[in-house]
S.K.: 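Sharing a structure with you now.
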Amino acid sequence: MHTINFFSESYQKDPYFYYKHMHKEQPLFFHEPTQSYVLSRFEDVERALKDPVFSSRNYAWQVEPLHGVTFIQLDGKEHSRQRNFVAPALRGKELMEQSTTIIQDIATRLLNKLKGKSQADLRMEFTNIFALKVVMSLLGLPDEDTSLFYKWYNSFAVYFEDLSGNPEILQEALRDRDQFHIYLSRIIDERTDDPQHGSDILSTLCNTIVDGKRMDKLEIMGFCGVLMQAGAETTDKGLASLFRNLLMHPDQFTQLLQDRSLIDRAITESLRYTPPLSMILRVTNEKVQVSGGEIPANATVTCLLAAANRDETQFKDPDKFNIFREELDTKTTFTAARNMATFGFGRHFCIGAQLAKLEMQVAVEAILNDLQDMQFATDDIPTEIGLFTRYPENLKIKFKPFE
């Protein structure tokens with residue numbers, strides 16, 4: 001049996017190479033460095049994210065040290081209680097309409113900074129900043145504090161990416177978490193005392209009452225931390241990967257440029273082909289049988305979302321990027337009815353999926369309008385990095401200057 005090590009240079013360089021082997025030869029194996037059982041087949045990953053025999057107790061050590069006990073960690077009634085607080089703040093026609101204007105304005109302002117230029121790093125000069133600014137605007141936080149949030153966002157991202165448990169990385173993240181909480185605490189107090197402050201997400205959370213109760217301050221700060229991380233990373237890394245994939249497949253990119261109705265298909269296929277989040281962890285409540293064998297009770301389970309999206313029993317020619325793929329339904333991709341693993345399954349399906357869809361749609365339209373004749377800046381294809389999340393480290397492009 002082949003030994004697969006997530007931390008090996010070959011795996012981190014090209015994890016996709018290993019997925020086909022996992023599907024056929026090692027659909028379940030124990031990964032010694034992380035002390036976890038690994039699932040790669042679509043049917044097993046889907047079950048692990050739906051079946052209550054798999055719990056989200058893993059977040060007690062994965063997320064709780066930074067953001068406290070949040071709804072993503074909870075199950076049952078308590079999960080439903082917290083989700084009922086935050087779901088209305090992230091969904092609904094009115095929010096989508098308000099958000100569209102905000103997102104368009106942010107995209108325009110960032111692209112205006114590229115006027116007169118013929119080259120840029122699209123990730124560092126657009127996607128990375130765009131996603132964070134959107135989250136801040138939706139929370140009703142001032143744009144002049146972007147540099148603070150950028151520091152916290154990147155510090156937390158390094159912590160979540162570190163599966164080796166480096167204590168120095170944890171301590172740095174905790175210091176930034178404390179500053180993040182100090183910053184938010186005052187604002188939460190102000191908006192709780194002033195219910196008429198506005199319709200932003202943070203004000204809504206401060207004044208929403210469910211079953212006669214409000215969210216407490218720590219719950220609100222925890223949600224803001226999760227939104228900043230999960231919300232921004234999905235859009236940032238998803239957009240960067242999308243344009244990398246399109247530039248690597250110029251024929252399909254040309255067809256999209258000629259027919260903008262293909263944008264949703266391109267977004268959907270890119271999220272399948274190179275999902276921003278590669279894996280999700282779970283813990284078994286009891287011993288459980290999966291297609292590759294048995295997992296004992298109280299075991300950590302690594303669900304490889306990216307591998308599930310490359311399962312040939314679910315997708316034809318899964319290792320090919322194809323925006324015309326018949327299996328993907330763009331109408332269900334961002335709903336609980338979708339047939340890919342990118343946003344999870346079941347009760348923990350990504351609550352911000354519809355918002356992520358809107359952000360990506362608006363950003364893609366804006367980029368295509370302004371950055372015409374886009375190509376890679378050099379012959380070197382940007383390298384993907386990351387284990388927990390995966391994305392192009394940079395995305396250096398050249399384009400026709402615009403005014």
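This structure is a prediction, so every number in the text was calculated from the model and none was measured. Here, residue 1 is the first one in the sequence, and each next residue gets the next number.
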S.K.: Just say parallel, tilted or perpendicular for the rings of Phe243 and Phe253, cut-offs at 30° and 60°.
M.R.: perpendicular
S.K.: For the aromatic rings, using the six-membered ring if either is Trp, is the centroid distance between Phe160 and Phe388 under 6.0 Å?
M.R.: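 When the ring centroids of Phe160 and Phe388 are compared, they turn out to be at least 6.0 Å apart.
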S.K.: Cation-pi between Arg47 and Phe42: NZ/CZ under 6.0 Å from ring centre and within 45° of the ring axis?
M.R.: no
S.K.: Over all heavy atoms of both residues, which pair between Arg244 and Ile381 is shortest? Give the atoms and the distance, please.
M.R.: NH2-CG2, 3.8 Å
S.K.: Quick one: sort the Phe29 and Phe6 rings into parallel, tilted or perpendicular, breaks at 30° and 60°.
M.R.: perpendicular
S.K.: Output yes when a side-chain donor or acceptor of Ser278 lies under 3.5 Å from a complementary backbone atom of Ala306, and no otherwise.
M.R.: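 Not a single qualifying donor-acceptor pair exists.
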S.K.: Can you establish whether the number of heavy atoms outside Glu327 located under 6.0 Å from its atom CD is more than 12?
M.R.: yes
S.K.: Around atom CD of Gln35, are there more than 12 heavy atoms from other residues, nucleotides or ligands closer than 6.0 Å?
M.R.: yes
S.K.: Are Met340 and Phe315 side-chain neighbours, meaning at least one heavy-atom pair lies under 4.5 Å?
M.R.: yes
S.K.: Report yes if the distance between the aromatic ring centroids of Tyr153 and Phe149 is under 6.0 Å, otherwise no.
M.R.: no
S.K.: Counting only heavy atoms not in Glu9, do more than 12 fall under 6.0 Å of its CD?
M.R.: no
S.K.: Around atom CZ of Phe17, are there more than 12 heavy atoms from other residues, nucleotides or ligands closer than 6.0 Å?
M.R.: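 Atom CZ in Phe17 is not packed in, count stays at 12 or less.
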S.K.: Distance-only check: which donor-acceptor pairs under 3.5 Å involve side-chain atoms of residues 138-145, not counting sequence neighbours?
M.R.:
| residue | atom | partner | partner atom | Å |
| --- | --- | --- | --- | --- |
| Asp143 | OD1 | Lys133 | NZ | 2.6 |
| Asp143 | OD2 | Lys133 | NZ | 3.3 |
| Asp145 | OD2 | Tyr183 | OH | 2.5 |

